Amino acid sequence: MVSLFHLMLTWVPIIILAPSYNDENMMLPFISQLPAQQQTMWLAALRQAMPEEQIVLANSLTRAEKKQCQLAIVANPELASLAAFEQLTWLHSVWAGVEHLMTSLKGSPIAVVRLVDPVLSQTMAQAALAWSLYLHRDMPRYAKQQRNKHWQQWPIVPANERRIGILGLGELGQASATLLQQQGFSVMGWSRSEKKLTNIASFFGDKGLTELLQQSDIVLCLLPLTPATTGLLNKQRLALLPTGAAIINFARGAIVDTQALLDALDNNQLSHAVLDVFEQEPLSQNSGLWLHPDITILPHISAPTNLTSASKIVAKNIRQFRLTGKIPPAVNKEIGY
Ligand code: NAP
């Protein structure tokens, strides 16, 4: 018969040697500055996706408990609040865009893992299609005509003659490019590295950007905000677009120079802009963008994170980490995405 003593001999070393990434007693904080009701919804979705974890709201932890956490799940956390988590080795964001974390954690050893979710990519691709069709089928022009009780028909441009240039061919850019191409549009994309995609022309580098802009009737921005992309669509680059071209910005406000955009719309070099993102959100009540006749304002809704699918992906990544100790692929803090 196995004695208690023998059992202890077998278990004690295992307990002592158990790797710290696999400590099931460790709290897993959800750090966020979202309204309380949304935090509760996230907590429920995350707990359902990984019942084996002790997921708690960050503000329910004591100072000492915060100090012990190695890993956290975050949704746009207040950056100062991260300082209390002295032992953090990595963060899993439930957002795809982690720009604000990049600035503050640049020199820190904490790895930042962002959300990569096919459901999110599809949501963005649908938004890309919806607003490209809005521009393609002249809806802003007909809305203006209606306000002026003006009856005038304009020729329809076939989809294959409508050239859509996508800035950024990552998770969201490639899903959008594919859907737009399947709908018959002539699609091009620009990225840092060259891409080999079926029926989607790939451009890269400064020269590639110039070439793409010169032939885009609609520019769809799906780039991350980094030092290299801040102010990218400035006066000179907007001037490269064909007269009457339109812009959709679904990425981050600071990628487009707002004054240069307003000037290009006011002198009819550009016909319309669909803006979902702004340097300051919510957009200030005083902003001149609200009432501009050639701007469509959206309140950052092109691709919201889906709680259920995102929680499952976060759960899968964390489970993998608990098993192997390997942190999932993290954002490159040097280049900012
Ligand atoms: P991603 O997978 O990291 O893709 C980024 C793409 O941009 C890649 O193709 C990358 O090129 C390219 N890129 C980055 N820096 C560049 C540069 N300097 N020059 C040329 N190309 C550059 O990102 P994602 O998941 O597609 O997301 C893109 C952005 O969408 C996020 O960062 C976020 O800001 C925004 N977003 C918005 C919403 C919304 O609701 N409005 C929702 C989610 C995300 P390589 O392929 O060569 O690396």
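Order of listing sets the numbers, starting from 1, for every ligand and every atom in it. Values reported hereafter were calculated over all heavy atoms of this structure, with side chains retained and with hydrogens, waters and symmetry mates removed. A quick note: this is a predicted structure, and the numbers were derived from the prediction, not measured.
- Of all protein heavy atoms, the one lying nearest to atom 29 (C) of ligand 1 is Leu223 O, 3.8 Å.
- In this structure, the separation between CD1 on Ile255 and CG on Leu223 is 5.0 Å, given to the nearest 0.5 Å.
- For atom 5 (C) of ligand 1, the closest heavy atom belonging to the protein is Pro224 CD, 3.6 Å.
- Listed by number with element, the atoms of ligand 1 under 4.0 Å from a non-hydrogen atom of Glu99 are 31 (C), 32 (O), 33 (C), 34 (O).
- Taken from CG in Asp263 to CD in Gln269, the straight-line distance is 10.5 Å, to the nearest 0.5 Å.
- Side-chain contact between Val274 and Phe250 is present, with heavy atoms from C-beta onward closer than 4.5 Å.
- Nearest protein heavy-atom contact of atom 38 (C) of ligand 1 is Met124 CE, 3.6 Å.
- Residue-to-ligand polar distances place Ala303 within reach of ligand 1: an N/O pair is separated by less than 3.5 Å.
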For Asp217 and His136, run side chain to side chain donor-acceptor pair (under 3.5 Å): C-alpha distance rounded to whole Å, both residues' side-chain angles, the deciding distance at 0.1 Å, then the answer. CA-CA 9 Å; Asp217 302 311; His136 171 62; over 6 Å; no

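- Closest protein heavy atom to atom 37 (C) of ligand 1: Phe250 O, 3.1 Å.
- Per-residue contacts place Ser302 under 4.0 angstrom from the following atoms of ligand 1 (heavy atoms of the residue considered): 39 (C), 40 (O), 41 (N).
- Among Ser202, Ala175, Gly97, Ala251, the residue whose heavy atom sits closest to atom 35 (C) of ligand 1 is Ala251.
- Counting atoms of ligand 1 from 1 in the listed order, those under 4.0 Å from a heavy atom of His300 are 39 (C), 40 (O), 41 (N).
- Looking at Gly170 next to ligand 1, an N or O pair under 3.5 Å apart turns up.
- Nearest non-hydrogen protein atom to atom 48 (O) of ligand 1 is Tyr337 OH, 2.5 Å.
- Shown in contact with Leu169 at under 4.0 Å from a heavy atom are these atoms of ligand 1, numbered in order with element: 6 (C), 8 (C), 9 (O).
- For the pair Arg114 and Trp95, the cation does not sit on the ring face, since its NZ or CZ is not both under 6.0 Å from the ring centre and inside 45° of the axis.
- The nearest protein atom to atom 19 (N) of ligand 1, hydrogens excluded, is given as Trp190 CH2, 3.1 Å; this is a heavy-atom distance.
- Remark: ligand 1 atoms within the under-4.0 Å shell around heavy atoms of Lys195 are 45 (P), 46 (O), 47 (O).
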Apply side chain to side chain contact (heavy atoms under 4.5 Å, CB included) to residues Leu240 and Gln236 and explain how you reach the verdict. CA-CA 7 Å; Leu240 294 169; Gln236 292 71 28; over 6 Å; no

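- Between the side chains of Trp154 and Gln145, a donor-acceptor pair is found at a separation under 3.5 Å.
- Residue Glu171 touches ligand 1 through backbone and side chain together, judged by heavy-atom distances below 4.0 Å.
- The aromatic rings of Trp90 and His92 are tilted relative to each other, their planes meeting at an angle between 30° and 60°.
- Ion pairing of Glu65 with Lys67 is absent here, as no side-chain N (NZ or NE/NH1/NH2) approaches a carboxylate O to less than 4.0 Å.
- Considering backbone and side-chain N/O of Gly168, none are found under 3.5 Å from N/O of ligand 1.
- For Asp206, the CG atom sits in a loose shell: 12 or fewer heavy atoms of surrounding residues, nucleotides or ligands are nearer than 6.0 Å.
- Ligand 1 places these atoms under 4.0 Å from at least one heavy atom of Asp276: 39 (C), 40 (O), 41 (N).
- Listed by number with element, the atoms of ligand 1 under 4.0 Å from a non-hydrogen atom of Leu222 are 28 (C).
- Shown in contact with Ala228 at under 4.0 Å from a heavy atom are these atoms of ligand 1, numbered in order with element: 18 (N).
- Within 6.0 Å of CD1 on Ile301 lie more than 12 heavy atoms contributed by other residues, nucleotides or ligands.
- Among Arg319, Arg47, Arg322, the single residue meeting the side chain to side chain donor-acceptor pair (under 3.5 Å) criterion with Glu52 is Arg319.
- For ligand 1, one of its N or O atoms has an N or O atom of Arg192 under 3.5 Å away.
- Here Leu172 has heavy atoms under 4.0 Å from ligand 1 in both its backbone and its side chain.
- You'll find the side chain of Val56 stays beyond 4.5 Å of the side chain of Leu43, heavy atoms only.
- In this comparison of Arg114, Gln174, Glu194, the heavy atom closest to atom 2 (O) of ligand 1 sits on Arg114.
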